[in-house]
Amino acid sequence: MSEERSLNFIEEIIENDLNSGKYETLVTRFPPEPNGYLHIGHAKAICLSFGLTKKYGGYTNLRFDDTNPVTEKTEYVDSQQEDIKWLGFEWKNELYTSDYFDTLYDFAVKLIEKGVAYVDDSTADEIAALKGTPTEAGTNSPFRNRSVQENLELFSRMKSGEFPDGTCTLRAKIDMASPNMIMRDPIIYRIKHAEHHRTGNKWCIYPMYDFAHGQSDSIEEITHSLCTLEYVSHRELYDWFIAELGIFPSHQYEFARLNLTYTVMSKRKLLQLVNENLVDGWNDPRMPTISGLRRRGYTPESIREFCDRIGVAKRENLIELSLLEFCVREHLNKTANRVMAVLDPIKLVITNYPEGKSEILIGENNPEAEDKGGTREIPFSNELWIEREDFMEEPAKKWFRLAPGTMVRLKHAYIVKCEDFKKDAEGNVTEIHCTYIPESKSGEDTSGINVKGTIHWVSTAHAKTAEIRIYDRLFSVESPDSEEGDFKDYLNPESMKVIKEAYIEPYLAEANLDSRYQFIRKGYYCLDQDSTAEHLVFNQTVGLKDAWAKAKK
RNA sequence: UGCCCGAUAGUAUAAAGGUAGUACAACGGUUUUUGGUACCGUUUGUCUAGGUUCGAAUCCUGGUCGGGCAACCA
């Protein structure tokens with residue numbers, strides 16, 4: 001824990017603020033809008049804001065930024081809470097921007113009284129037209145100089161529902177010529193006769209993001225308000241409202257959002273994939289959502305480790321998926337029990353092992369765990385399933401596995417020698433015949449034989465069947481966002497492969513949704529939610545590194 | 001064309017004017033009853049041109065490139 005690690009720029013700011021006595025207690029917040037499921041990009045923000053108060057003391061609030069009733073749903077509130085908890089973080093207070101609607105309304109009245117806010121009857125198009133462009137100043141609205149009294153009255157009537165949607169807005173009176181477009185008399189309240197997921201029909205006017213976020217931070221006395229780079233230009237407004245209102249000076253700091261290769265991260269695009277049934281919902285194991293990663297078999301530890309390793313900076317980035325995969329392999333390698341499963345079976349018959357006989361072998365569950373993960377019983381007999389790819393009629397160079405005349409170790413069992421094999425009319429190998437060496441039993445081997453290859457197997461008489469789903473990257477290009485045309489054109493058609501009937505060792509019958517396994521020589525797997533007692537379904541979280549497959553190329 | 005960010009190996013991220021380091025990736029090797037893991041090693045980098053300085057990735061100036069900003073979204 002105490003290893004020397006350099007601080008990121010936000011930690012530097014915080015240490016300075018804490019050391020200088022500017023703040024005694026660090027307070028951060030995570031402020032999602034409940035309009036979708038959380039994804040790995042949110043995980044970065046969560047790990048940052050919650051991680052900081054874990055490191056420096058203080059606390060983090062969870063605040064649902066629910067100022068737009070037409071996009072927000074309780075379903076999303078629930079899923080977002082579940083995902084944050086699953087990631088391993090606890091918030092101090094569960095809050096909603098909608099909790100502050102009364103206060104925010106009073107803030108707006110205060111600005112009107114100060115003469116720095118006015119009701120504008122212009123249409124959306126008119127407001128846009130008068131906004132100017134980045135290179136040309138905007139023009140003042142004809143309603144900009146209404147009296148305080150008139151504004152007060154109009155704003156009150158907006159609140160009481162006298163006007164239909166879109167007829168007028170409340171705007172801050174700042175500077176229509178500001179080089180920062182955000183400062184050109186931003187709209188701070190709009191009329192929306194819509195039911196809110198929490199306040200119901202109490203309100204028909206709702207504050208805009210800019211008029212809600214900073215003030216909410218201030219109300220909660222958030223010391224360091226962290227958000228992504230696209231809000232940089234909003235900071236000037238954030239500070240302006242706090243100054244005009246004379247409220248607690250929260251400060252906003254921006255960092256670069258996470259981009260990951262071979263996927264998309266925007267909620268809008270993820271929603272499209274869901275709505276167009278291009279994936280199996282928000283928690284499809286190929287989705288970069290927290291719930292998707294969870295279903296895929298990722299662990300909270302591995303995601304936190306990933307967020308730790310990618311760092312925090314202000315530079316745009318595109319992180320390689322291989323780092324995420326490394327993190328989950330690293331964690332699962334230490335924690336997942338090893339088991340045997342044959343995904344593409346071919347029969348192996350041991351001709352000198354008595355037919356009908358079976359014995360129970362003892363297998364170590366995890367050589368990487370401190371206690372070796374305990375042991376389990378594995379039934380063995382004269383007929384086994386092995387992986388089709390573990391036999392080659394004409395062996396390649398440096399082939400360690402089965403071929404006519406070669407010997408391999410059956411994991412946890414005996415050394416066998418390939419004596420013969422059978423083919424069908426099409427020339428496909430259908431059966432492999434071996435003899436075993438009785439004195440080579442795992443753990444009590446006195447044969448003196450050393451073999452290079454060890455393969456996994458399952459006894460045909462004892463095997464259970466399972467469906468296995470193997471996933472690959474969702475998109476076939478590194479950055480679907482920056483390709484020409486529609487991002488959906490770049491979906492990887494082979495992102496999911498289903499093996500209807502694989503053979504697994506009987507031990508796996510006790511798998512539950514929380515267990516993670518390493519299928520020896522294959523990868524890491526977990527039970528899918530679609531699984532039933534009669535029909536087991538496993539998801540591949542990530543494959544093992546495969547130096548042999550690489551060497552073949 | 002305005003304003004605001006940013007630029008360090010393939011990808012990220014450090015070095016607070018003083019040895020350009022770490023991780024992932026790639027490549028090679030050792031160990032191995034997983035062609036896994038572990039361990040060892042190799043390749044590859046300061047956008048550019050000036051300036052300040054004994055000394056610049058770092059400070060200054062110009063340029064180049066990338067990103068953001070003109071929703072009654074957040």
Side-chain angles (χ1 to χ4, degrees), chain A residues 5-8 12 31-33 35 65-68 70-72 120 122-124 127-129 131-138 165-171 178-184 186-192 205-206 208-210 212-213 227 229-236 254 256 261 267-268 309-327 329-330 333-334 338 340 364 367-368 398-401 408-413 415 440 442-443 445 450-456 478 518-523 543-552:
Chain A
R5 270 204 50 202
S6 49
L7 304 177
N8 64 48
E12 276 181 20
E33 183 187 12
N35 70 344
D65 210 351
D66 54 353
T67 58
N68 186 358
V70 301
T71 58
E72 296 148 8
D120 193 328
S122 307
T123 63
I127 288 177
K131 193 114 190 172
T133 69
T135 52
E136 300 161 54
D165 289 7
T167 47
C168 53
T169 56
L170 184 70
R171 291 231 258 168
S178 172
N180 181 354
M181 299 290 292
I182 303 290
M183 300 298 281
R184 322 246 261 226
I187 292 169
I188 60 182
Y189 262 95
R190 80 288 214 185
I191 301 172
K192 263 183 203 281
I205 57 171
Y206 293 91
M208 297 288 289
Y209 164 84
D210 284 305
H213 206 102
C227 62
L229 250 24
E230 65 264 34
Y231 292 99
V232 168
S233 55
H234 292 254
R235 189 176 59 235
E236 192 179 352
E254 311 87 9
T261 55
K267 264 191 213 169
R268 201 193 94 241
R309 283 173 178 259
I310 58 177
V312 177
K314 300 184 80 157
R315 173 167 35 142
E316 301 287 341
N317 59 74
L318 180 61
I319 309 280
E320 289 177 351
L321 186 60
S322 58
L323 181 61
L324 218 208
E325 295 180 337
F326 166 82
C327 291
R329 282 197 195 101
E330 184 188 44
N333 178 48
K334 293 192 203 104
R338 273 59 172 170
M340 296 196 285
E364 192 174 70
E368 304 297 323
K398 291 194 182 170
W399 179 253
F400 299 165
R401 285 117 93 156
V408 296
R409 151 103 36 207
L410 295 171
K411 181 75 181 175
H412 299 308
I415 291 173
S440 68
S442 207
D445 185 349
N450 268 318
V451 292
K452 276 219 168 129
T454 299
I455 65 172
H456 59 280
E478 278 206 335
Q518 184 195 96
F519 289 3
I520 289 182
R521 301 209 299 138
K522 286 280 139 192
L544 254 27
K545 281 194 184 165
D546 191 346
W548 172 249
K550 215 178 255 178
K552 279 191 298 189

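Residue numbers start from 1 in every chain, and the chains themselves are labelled A, B, ... in the order their sequence lines are given, proteins ahead of strands. Remember, predicted model here, so these are calculated numbers, not experimental data.
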Sugar-phosphate only, base, or nothing, as touched by Gly443(A) at under 4.0 Å among non-hydrogen atoms: base

Distance between C1' atoms of U31(B) and G41(B) (Å, rounded): 15 Å

Qualifying residue for side chain to side chain contact (heavy atoms under 4.5 Å, CB included) with Leu170(A), from Asp120(A), Ile188(A), Ile205(A): Ile188(A)

Watson-Crick or G-U wobble partner of U37(B), both distances under 3.5 Å: none

Most 5' of Lys452(A) and Ile310(A) on RNA chain B, judged by nearest nucleotide: Ile310(A)

Base-pairing mate for A15(B) - Watson-Crick or G-U, with both contacts under 3.5 Å: none

Atom pair distance, as rounded to whole Å: CZ in Arg329(A) and P in U37(B): 8 Å

Inter-nucleotide C1' distance (U52(B), C59(B)), Å rounded: 8 Å

Nucleotide nearest Trp399(A) when distance is taken to its side chain, options C69(B), A14(B), G35(B): G35(B)

Exercise: do Asn180(A) and Ser178(A) side chains pair donor with acceptor under 3.5 Å: no

Heavy-atom donor-acceptor pair, Gln518(A) side-chain to U34(B) base, under 3.5 Å: yes

Contact under 4.0 Å: Arg190(A) side-chain N or O vs A74(B) OP1/OP2: yes

Proximity to the side chain of Ala124(A) - top-ranked nucleotide from U13(B), C24(B), C72(B): C72(B)

Distance below 4.0 Å between Lys314(A) side-chain N/O and G67(B) OP1 or OP2: no

Interatomic distance, Met183(A) CE vs G2(B) C1' [rounded to whole Å]: 16 Å

Sugar-phosphate only, base, or nothing, as touched by Ser122(A) at under 4.0 Å among non-hydrogen atoms: base

Residue Pro134(A), side-chain atoms from C-beta onward, closest of A70(B), A12(B), U34(B): A70(B)

A14(B) to A20(B) separation - C1' atoms, rounded to the nearest Å: 10 Å

Given G36(B), A74(B), C24(B), the nucleotide with the shortest approach to the side chain of His234(A): A74(B)

Nearest to side-chain heavy atoms of Ser6(A), which nucleotide of A14(B), G35(B), C73(B): A14(B)

Aromatic stack Trp548(A)/G35(B): centroid gap under 5.5 Å, interplanar angle under 30°: yes

Rounded interatomic separation in angstrom, taking CD1 from Ile415(A) and C1' from U34(B): 15 Å

Base G35(B) to side chain Arg401(A), donor-acceptor N/O within 3.5 Å cut-off: yes

Lys267(A) side chain near C73(B) phosphate (N/O to OP1/OP2, under 4.0 Å): no

Sugar-phosphate only, base, or nothing, as touched by Pro31(A) at under 4.0 Å among non-hydrogen atoms: nothing

C1'-based separation of G62(B) from C27(B) [nearest Å]: 42 Å

C1' gap between U42(B) and U34(B), integer Å: 27 Å

Opposite nucleotide pairing with A26(B), Watson-Crick or G-U, both atom distances under 3.5 Å: U42(B)

Spacing of the C1' atoms in U58(B) and U43(B) (rounded, Å): 27 Å

Base G10(B) to side chain Glu478(A), donor-acceptor N/O within 3.5 Å cut-off: no

Spacing of Arg338(A) atom CZ and Asn333(A) atom CG [to the nearest 0.5 Å]: 5.0 Å

Sugar-phosphate, base or nothing in reach of Thr67(A), heavy atoms under 4.0 Å: sugar-phosphate

Asp210(A) CG to C69(B) P, straight-line distance once rounded to whole Å: 13 Å

Interatomic distance, Ile187(A) atom CD1 to Cys168(A) atom SG [nearest 0.5 angstrom]: 10.5 Å

Partner nucleotide, any strand, of U1(B) [Watson-Crick/G-U, under 3.5 Å]: none

Base paired to G62(B) (Watson-Crick or G-U; both N/O distances under 3.5 angstrom): U48(B)

Closest listed nucleotide, where the reference is the side chain of Glu368(A) and the choices are C24(B), G36(B), U33(B): G36(B)

Atom P, compared across A57(B) and G45(B): separation rounded to whole Å: 15 Å

Lys131(A) side-chain N/O to C69(B) phosphate OP1/OP2 under 4.0 Å: no

Sugar-phosphate only, base, or nothing, as touched by Tyr231(A) at under 4.0 Å among non-hydrogen atoms: base

Assigned partner base of U32(B), Watson-Crick or wobble definition, under 3.5 Å: none

Touch class at under 4.0 angstrom, heavy-atom based, for Ser442(A) against every strand present: base

Thr133(A) side-chain N/O to U1(B) phosphate OP1/OP2 under 4.0 Å: no

Touch class at under 4.0 angstrom, heavy-atom based, for Glu33(A) against every strand present: sugar-phosphate

Asp546(A) side chain, from C-beta outward: closest of C72(B), G35(B), A14(B): G35(B)

Closest to side chain of Lys411(A), choosing from C4(B), U34(B), C24(B): U34(B)

Sugar-phosphate, base or nothing in reach of His412(A), heavy atoms under 4.0 Å: base

N/O (side chain, Arg338(A)) to phosphate O (OP1/OP2, U33(B)) under 4.0 Å: no

Options U37(B), U34(B), C69(B), nucleotide nearest the side-chain atoms of Asn333(A): U37(B)

Any residue meeting salt bridge (charged side-chain N to carboxylate O under 4.0 Å, His left out) with Asp165(A), in chain and number order, not counting sequence neighbours: none

Sugar-phosphate, base or nothing in reach of Glu320(A), heavy atoms under 4.0 Å: base

Nucleotide of G35(B), C24(B), C73(B) approaching Arg309(A) most closely (side-chain heavy atoms): C24(B)

Touch class at under 4.0 angstrom, heavy-atom based, for Ile455(A) against every strand present: nothing

N/O (side chain, Lys545(A)) to phosphate O (OP1/OP2, A25(B)) under 4.0 Å: yes

Donor-acceptor pair (no angle test) under 3.5 Å: Thr454(A) side chain, U34(B) base: no

5′-ward residue of the pair Ile319(A)/Ala549(A) relative to RNA chain B: Ile319(A)

Pairwise C1' distance for U11(B) and U1(B), with rounding to whole Å: 35 Å

Counter-base of A20(B), judged by Watson-Crick or G-U geometry with both distances under 3.5 Å: none

Under 3.5 Å donor-acceptor pair, Arg521(A) side-chain atoms to U34(B) base atoms: no

